[in-house]
Amino acid sequence: MLNDELKSQIQTAYRTFLENKSLKPRYGQRVMIAEVAKVFGGVKLDEEGRRDGDPAVAVVEAGTGTGKTVAYCLAGIPIAKSLGKPLVISTATVALQEQIVLKDLPDIQRNAGLEFQFSLAKGRGRYVCLSKLDQLLNDNQAAASRQQGFADEGFRIDIDEAGLKLYTSMVESLASKKWDGERDSWPAALDDQDWSRLTTDHIQCSNRRCAHFNQCVFYKAREGVQKVDVIVTNHDLVLADLALGGGAILPDPRDCLYIFDEGHHLPDKAIGHFAHHTRMAATAEWLDQLDKNLTKLLAQHPLPGDFGRLLEQVPSHARDLRPHQQFMSQALMEVADFASAEDLSGHVRPQYRFEHGVVPEHLREMGGELKAGFGRITDLLQRLVDILKDAMDGEAVGVHSAQAEEWYPLFGALLARSEGNWTLWTQFCLEDPEGRPPTARWLTLTENSDIEVHVSPILAADTLRQFLWYSAFACLVTSATLTALGRFDRFAQRAGLPRSAVCTLAPSPFRHAECGILRIPRLDADPRDAAGHGAAIIEHLPGILEDALGSLVLFSSRRQMLEVYAGLAATFRQRVLVQGDLSKQELIRQHRQRVDDDEPSVIFGLASFAEGVDLPGRYCEHVVIAKIPFAVPDDPVEAALAEWIERNGGNPFMEIAVPDACLRLVQACGRLLRSEQDTGVITLLDRRLITQRYGRAILEALPPFRREIDL
């Protein structure tokens with residue numbers, strides 16, 4: 001398939017792009033172009049033009065400055081077009097998505113001599129539902145009496161004058177074609193509550209049965225996506241599409257050439273898609289409302305036939321199940337010894353984890369009652385939803401099509417919530433198969449003292465293997481941080497890479513040794529002694545940052561960050577911007593403004609500032625890293641994975657904690673050099689990098705900066 005003509009087209013596109021941009025070829029970029037061409041162009045085809053044989057998967061770690069977007073587009077677009085298949089570029093962050101759509105792809109169109117069309121694919125929740133908008137404006141009062149009690153599902157009916165004005169202006173803008181129905185293109189900021197009334201999901205959407213289907217902005221956008229050569233989207237949307245069987249939102253995965261940029265996020269995103277949770281008191285209240293409101297609905301509307309007969313059964317099942325929900329809530333509170341836990345974003349909430357994912361027998365029995373109860377309600381609601389579908393087609397007795405169209409999203413939302421609880425209790429009560437990774441099961445206590453029950457897989461390997469690697473036509477995974485301790489083992493294990501996957505390093509063009517210094521100063525404090533280490537940072541930090549205009553200080557815990565800030569002299573604190581005091585965007589804007597005004601500025605940040613933050617040149621001349629960023633030990637998924645590895649004779653510290661910390665430290669170091677002209681210093685305030693064997697292994701895996709280590 002990768003014939004001489006296609007090779008020549010890729011080479012010509014690269015040469016043309018470089019000449020038009022007055023750029024020099026980069027070795028890492030050429031390596032990446034070759035790898036993309038090999039994986040996409042080397043797929044064996046069956047008679048229908050689909051992949052035949054082993055999964056076609058390539059993993060490329062492309063160092064900062066490689067120009068990986070240009071590399072994978074210049075190789076991927078010509079091959080995808082020659083195959084007649086879409087190239088799906090998926091990112092983890094909105095910032096990269098916007099950069100690819102607004103900057104990179106138009107730049108390639110102008111300068112590489114390639115002709116292609118591209119589109120941004122967004123989830124259903126980013127588009128207005130015309131049916132909802134119509135109901136809100138035209139049938140507000142009549143619908144209110146029937147839809148009371150559905151507020152939890154996002155169907156709040158009470159609209160104030162400002163809301164009425166907003167929705168009216170939306171209708172006018174749609175009619176005059178001044179607005180395309182996307183949230184992101186509405187000229188003003190939209191309140192989440194205002195917007196939530198206007199959106200739907202795949203369960204609530206009546207699809208072709210909807211009176212507004214021919215004008216539906218989501219389906220028009222989806223139709224447009226199906227016609228382009230390159231689709232830009234995000235990991236969540238790809239995973240949501242795969243979970244629905246593939247081809248529901250995006251094209252059929254068997255026809256897609258996927259590129260997962262920021263691909264190191266993919267395993268965690270996949271785990272999140274197959275995790276479930278529910279709140280005990282909130283769900284008990286929901287069951288009570290379900291009972292009351294459906295009873296009221298039956299009293300207001302005589303509903304003959306199967307619909308009425310089935311609907312009559314739901315309130316009694318909800319009524320019977322509510323005490324079981326309350327009994328389980330009490331039993332969980334008795335079992336749980338809640339301890340305060342801090343997550344990676346620095347939020348602290350009380351938490352209790354079931355060791356090895358094993359739930360006590362009496363809780364499993366009670367969970368079984370809830371599973372059975374939600375199973376009965378789910379079955380009834382599913383049958384009601386099916387009847388409403390038939391009614392919209394004019395094929396059901398006792399329900400008018402207009403009434404069915406109004407009720408369908410409401411009952412769809414009820415079905416989704418009931419089904420979610422059934423799935424959770426099914427997973428909560430399951431005994432994990434011997435020899436397989438267990439499911440993590442834990443409880444958290446919310447701010448209003450409700451108990452939240454969680455179940456989650458601890459590895460995404462099986463999920464990605466089943467839904468992605470073996471389903472897709474071909475896949476490329478790329479990121480600046482895919483290796484840990486210089487190896488791909490960590491990513492391969494977590495992502496369940498097939499044996500046929502090829503892993504490659506595309507080196508960064510940055511001259512790390514010439515442009516950056518990595519310092520480990522003498523610090524008489526052990527990072528494991530939080531108080532002593534914090535005091536040492538307070539003492540030394542002003543001196544460390546004395547000559548820097550723009551700098552970034554990264555902490556592993558919010559507590560230490562705030563204690564250090566509080567301990568600094570008031571004059572130094574004036575130059576510090578602390579994560580959490582402002583939105584991330586506003587904090588970065590103020591930091592840039594200060595530096596532009598030649599005022600020293602320091603950002604104090606946590607994990608989210610160690611990745612994806614772009615502060616080139618003077619905006620970040622010095623990066624200070626408080627300590628090796630080991631994962632928060634309270635994370636229940638990581639803790640369950642560590643238990644499983646230990647039970648199987650492994651060493652979780654060396655197999656999980658150290659590789660993970662290494663990867664995070666590489667990401668943090670990546671904040672310093674953002675272009676080939678940047679220079680600066682990284683200071684690591686953790687002597688374990690030279691005193692501990694694992695620390696030296698981490699140190700050797702960091703970018704090759706010139707080192708200054710105080711012995």
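What you see is a predicted model, and the numbers here were worked out from it, not measured in a lab.
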K.L.:
Answer yes or no: is there a donor N or O on one side and an acceptor on the other, between the side chain of Trp195 and the main chain of Leu198, under 3.5 Å?
P.N.:
no

K.L.:
Within the 3.5 Å criterion, strictly below it, is a donor on Asp261 or Tyr72 matched to an acceptor on the partner's side chain?
P.N.:
yes

K.L.:
Could you state the interatomic distance from CG (Leu114) to CG (Asp229), rounded to the nearest 0.5 Å?
P.N.:
10.5 Å

K.L.:
Look only at the side chain of Arg26 and the backbone of Gly65, and say whether a donor-acceptor pair between them is shorter than 3.5 Å.
P.N.:
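Yes, because the side chain of Arg26 sits within donor-acceptor range (under 3.5 Å) of the backbone of Gly65.
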
K.L.:
Looking only at the side chains, is there a donor atom on one of His265 and Glu611 sitting less than 3.5 Å from an acceptor on the other?
P.N.:
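A pair is found: one side chain offers a donor N or O, the other an acceptor, under 3.5 Å apart.
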
K.L.:
If I compare all heavy atoms of Gln97 with all of Val232, which pair ends up nearest, and what's the gap?
P.N.:
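Taking Gln97 first and Val232 second, the nearest heavy atoms are CG-CG1, 3.8 Å.
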
K.L.:
Specify the closest pair of heavy atoms between Gly650 and Glu655, including all atoms of both residues, with the distance to one decimal.
P.N.:
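Result for this residue pair: CA-OE2, 3.2 Å.
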
K.L.:
Is the distance between the ring centroids of Phe274 and Phe467 less than 6.0 Å?
P.N.:
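Yes, ring centres under 6.0 Å apart.
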
K.L.:
When rounded to the nearest 0.5 angstrom, what distance separates NE2 in His235 from NE2 in His273?
P.N.:
10.5 Å

K.L.:
Among side-chain atoms of His264 and Glu262, is any donor-acceptor pair under 3.5 angstrom?
P.N.:
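Checked: His264/Glu262 side chains show no N/O donor-acceptor pair below 3.5 Å.
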
K.L.:
For Cys73 and Pro78, which heavy atoms make the closest approach, and how far apart are they?
P.N.:
O-CD, 3.8 Å

K.L.:
Once you measure the plane-to-plane angle for Phe428 and Trp425, does it fall in the parallel (<30°), tilted (30-60°) or perpendicular (>60°) bin?
P.N.:
perpendicular

K.L.:
Is a salt bridge present between Arg436 and Asp462, judged by a nitrogen-to-oxygen distance below 4.0 Å?
P.N.:
yes

K.L.:
So which of Asp104, Thr69, Thr91, Asp614 actually passes side chain to side chain donor-acceptor pair (under 3.5 Å) with Gln99?
P.N.:
Asp104

K.L.:
Could Arg279 and Glu452 be called an ion pair, given the rule that one side-chain N must be under 4.0 Å from one carboxylate O?
P.N.:
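Salt bridge flag = yes for Glu452 with Arg279.
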
K.L.:
Is the positively charged end of Lys85 above the ring of Phe473, judged by distance under 6.0 angstrom from the centroid and angle within 45° of the axis?
P.N.:
yes

K.L.:
In terms of side-chain heavy atoms, does Glu419 have a donor or acceptor partner in Thr378 at a distance below 3.5 Å?
P.N.:
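No, no side-chain donor-acceptor contact under 3.5 Å.
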
K.L.:
Identify the heavy atoms of Glu405 and Ala211 that sit nearest to each other, and give their distance.
P.N.:
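Closest approach of Glu405 to Ala211, heavy atoms only: OE2-N, 3.3 Å.
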
K.L.:
Please step through side chain to side chain contact (heavy atoms under 4.5 Å, CB included) for the pair Ile79 and Leu6, ending with a clear verdict.
P.N.:
CA-CA 7 Å; Ile79 295 172; Leu6 206 47; 3.9 Å; yes

K.L.:
Testing the basics here: between Val225 and Leu120, what is the closest heavy-atom pair and its distance to 0.1 Å?
P.N.:
CG2-O, 4.4 Å

K.L.:
Going by atom types only, do Thr423 and His276 share a side-chain donor-acceptor pair under 3.5 Å?
P.N.:
no

K.L.:
Side-chain contact, heavy-atom cut-off 4.5 Å: Met32 with Thr478?
P.N.:
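With C-beta onward as the side chain, the pair touches.
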
K.L.:
Can you list the steps and then say if Asp192 with Arg183 is a salt bridge (charged side-chain N to carboxylate O under 4.0 Å, His left out)?
P.N.:
CA-CA 10 Å; Asp192 285 345; Arg183 177 174 183 169; 2.7 Å; yes

K.L.:
Just by distance, do the side chain of Glu61 and the backbone of Leu505 share a donor-acceptor pair under 3.5 Å?
P.N.:
no

K.L.:
Could you check whether the rings of Trp469 and Phe260 sit parallel, tilted or perpendicular, using 30° and 60° as the cut-offs?
P.N.:
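The rings of Trp469 and Phe260 stand perpendicular, inter-plane angle above 60°.
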
K.L.:
Write down the atom of Ser131, the atom of His212, and the distance for their closest heavy-atom approach.
P.N.:
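It is CA-CD2, 3.6 Å.
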
K.L.:
Determine whether the side chains of Thr278 and Asn421 contain a donor N or O and an acceptor N or O closer than 3.5 Å.
P.N.:
yes

K.L.:
Validate the cation-pi geometry between Lys122 and Tyr127: distance from NZ or CZ to the six-membered ring centre under 6.0 Å, angle to the ring axis within 45°.
P.N.:
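Checked: cation-pi criterion not met.
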
K.L.:
Do Asp379 and Gln382 have side-chain N/O donor and acceptor atoms under 3.5 Å apart?
P.N.:
no

K.L.:
Hydrogens and angles aside, do Thr66 and Gln29 bring a side-chain donor and acceptor to less than 3.5 Å of each other?
P.N.:
no

K.L.:
Under a 3.5 Å cutoff, is there a donor and acceptor pairing between the side chains of Tyr219 and Asn214?
P.N.:
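Short answer, no.
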
